[in-house]
2 protein chains.
Amino acid sequence: MAKPPATIRDVARHAGLSVASISRVLNGHNHVHPDTRKKVIEAMNALGYIPNAAARSLSTAKSHAIGVVLPDLHGEFFGEVVRGMDKAASERGYLLLLSTMHADSRLAHQAMGTMRGRVDGLIIMAPQLSAEDLAQAIPADLPAVLINSPADATHYNLRIDNRGGVMLMVRHLLAGGRKNIVHLAGYSGNLDAAERADAFREAMQMLAPDLPVRIVEGDFTDASGEQLVQQLLADGTQFDAIFAANDMMALGALQTLRTVGIEVPAKVAVAGFDDVPMARHLGLSTVRVDMAGIGERAVRRLIDQLEGSSEPPALARQSPTLVARASTGR
Amino acid sequence: MAKPPATIRDVARHAGLSVASISRVLNGHNHVHPDTRKKVIEAMNALGYIPNAAARSLSTAKSHAIGVVLPDLHGEFFGEVVRGMDKAASERGYLLLLSTMHADSRLAHQAMGTMRGRVDGLIIMAPQLSAEDLAQAIPADLPAVLINSPADATHYNLRIDNRGGVMLMVRHLLAGGRKNIVHLAGYSGNLDAAERADAFREAMQMLAPDLPVRIVEGDFTDASGEQLVQQLLADGTQFDAIFAANDMMALGALQTLRTVGIEVPAKVAVAGFDDVPMARHLGLSTVRVDMAGIGERAVRRLIDQLEGSSEPPALARQSPTLVARASTGR
DNA sequence: GATTGACATGTAACCGGTTACATATATGAC
DNA sequence: GTCATATATGTAACCGGTTACATGTCAATC
């Protein structure tokens, strides 16, 4: 019944050849006679032979696997990123080894340690880690590509072009005649939150130096969006546009405005960042980030690096696009 | 600089012991003197030793990895399921090898083949495959646990309790005084779609035998939800409740009703299934499925099986819960 | 006909762990 | 003091591939 799976030596015996020939056929080496190749393939089929991955990676010191370390992402980002990665990986014959990592940097270290020896390289997304913690956590001998993580001179780093995205939206809001834009920032420990807030400040300075720049800090949750807008209203702050650092906060803002009876977009425009599926349903204008594209690019780049064609590490930016919907205008 | 990583023999030499002792310490075997253990641990730390996973799994024929084959899920399910799986896997010291599988059954076969020899077992979610295709695709020698897949006598199968969930919602709608409930079904090839439609029919029969049972078929997309309701209106069908087989279709239905000016829930109640994050924001009543819980359970069960404590294969149902929101009444 | 080189194939060492078995030492029973 | 037993450690074979090197064959060249 459960007879042990065929090994390369079984195939060799069955084909009347040596293991070397089998291996050569397996790896598409040259110097193999067509007849021999045929015999080998027949024997492999006859025995249902599948090479043992562990043995192979032991002798080649390659696993054809990529470790992916992602934060405990909620929402659809997770799936998006992974989808893109899987696409790129399977195209090039690699498998994805997945591990989610929680905010704790000790656990990050552990997550990556577990992967050592099982993967040829790592893709790491760690927007919540400090540069030092990150540098500590990455095994020195493993090639790695970072996504949305703190800068690091030794690794390729793929980031969202937050500056470009914010610029698009600020321009859009200003074009719609908005004069008092308030930015709801994400929590300050987060890299993208910080960049978006800075970019907002800069964009305003550049595009509308006379207008006030107001930034209040939230934590990326819809509850925080609701609460920040309530606060603004309670303070009597004047505003005709809310630009949140992500869609969830924008939705919270929308919610509060609707509850209070302030018309959107007539009185106040609302915009977010990310373009979660919900945004389309609620007519929320936002900045779309192609997360699947980022995942795909990251894996491609890592494999290129693994297979030798390695350009120097650099910081690349994935450009987002503007998605104008009902919440910012007619 | 890049000196080769330490091997178990290096550690043995450094500690003045044999490789067997190192290995015993590594695997927590008994018959090791405390002093020896200490010496070994010191040597390992001194050399920064990390055991080579490939070598280990070659000699033990265990990889401590679980293959996960998921369909090309869009939306948040993907992340949810994987989060649950990762939790259970990392708790037990396993890693997740991920592969998304597209509808094509040949590709399914390929996806699982790639994993052979690299994983100790498989978790497969294949709601779109036929029972035969599925049976074909799973390597016979690999333990596997199925999620939301066609029945199969040889594997443990974890499914959503569609019947229970539908019953909850139908009861809720009837309790709200609804008399003409229309069920928007998913596309017929899908297992859950079929079960939900059947369950709807049964629930109505059981709870309100006198009321009409109407079912129309869509394809799980919001566009299809919109279109089905338009069709119902065009046909002049009377209805005071829409119960869609998933949230996306329910959202489409909401959209159409809003456009046409039919008040929800005053005139028509709308309910979905899944409880995607959007549902909460739009006040959509729905049936909540704990996908993370399913992922977690599936992995636990697979590991139990791998490690010997194997109950017989069975069909288990994960119970959903009712989430009553604005769309079905106060 | 001898020399050369291209091509085809085989032999055996090696990758880095695990572990059956052998051996050595300590402990206790008689 | 001897023997049995438990405990601690070492030796070497083995897992299933890859590949450097050796060997063998054949056609082309002079």
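Chain A is the first sequence line, chain B the second, and so forth, proteins listed ahead of strands; every chain is numbered from 1. What you see is a predicted model, and the numbers here were worked out from it, not measured in a lab.
For the pairing with B/Ile124, the side-chain contact (heavy atoms from CB on, under 4.5 Å) check across B/Asn148, B/Ile138, B/Val68, B/Leu70 returns one residue only, B/Ile138. A side-chain contact (heavy atoms from CB on, under 4.5 Å) with B/Arg159 is found for one member of B/Ile147, B/Leu146, B/Leu191 and no other, namely B/Leu191.
Each of B/Arg24 and B/Ala55 was assigned the nucleotide of DNA chain D with the nearest heavy atom; the assignment lying further toward the 5' end belongs to B/Arg24. The residue among A/Ala20 and B/Gly16 whose nearest nucleotide of DNA chain D is located toward the 5' end is B/Gly16. Take the nearest nucleotide of DNA chain C for A/Val19 and for A/Arg37: the residue whose nucleotide is more 5' is A/Arg37.
Proximity of a side-chain donor or acceptor of A/Asp10 to a complementary backbone N or O of A/Thr7 within less than 3.5 Å is detected. Between the side chain of A/Arg118 and the backbone N or O of B/Ser63, at least one donor-acceptor pair lies under 3.5 Å.
Here A/Ser23 lies in heavy-atom contact (under 4.0 Å) with a base. Among the heavy atoms of the strands lying under 4.0 Å from B/Thr36 are primed sugar atoms or P, OP1, OP2 only; no base atom is included. Within the 4.0 angstrom heavy-atom criterion, only backbone atoms of the sugar-phosphate kind lie near B/Leu17; the bases stay farther away. Counting any heavy atom pair closer than 4.0 Å across all strands shown, A/Asn30 reaches no nucleic acid atom.
For the pair B/His33 NE2 and C/dA26 P, the computed distance is 11 Å after rounding to whole Å.
In the 5' to 3' direction, nucleotides of DNA chain D lying under 4.0 Å from heavy atoms of chain B begin and end at D/dT7 to D/dG16.
In summary, the side chains of B/Asp152 and B/Asn157 do not present any donor paired with an acceptor at a separation below 3.5 Å, with no hydrogens or angles considered.
Taking CZ of A/Arg297 as the start and CD1 of A/Ile123 as the end, the distance is 12.0 Å to the nearest 0.5 Å.
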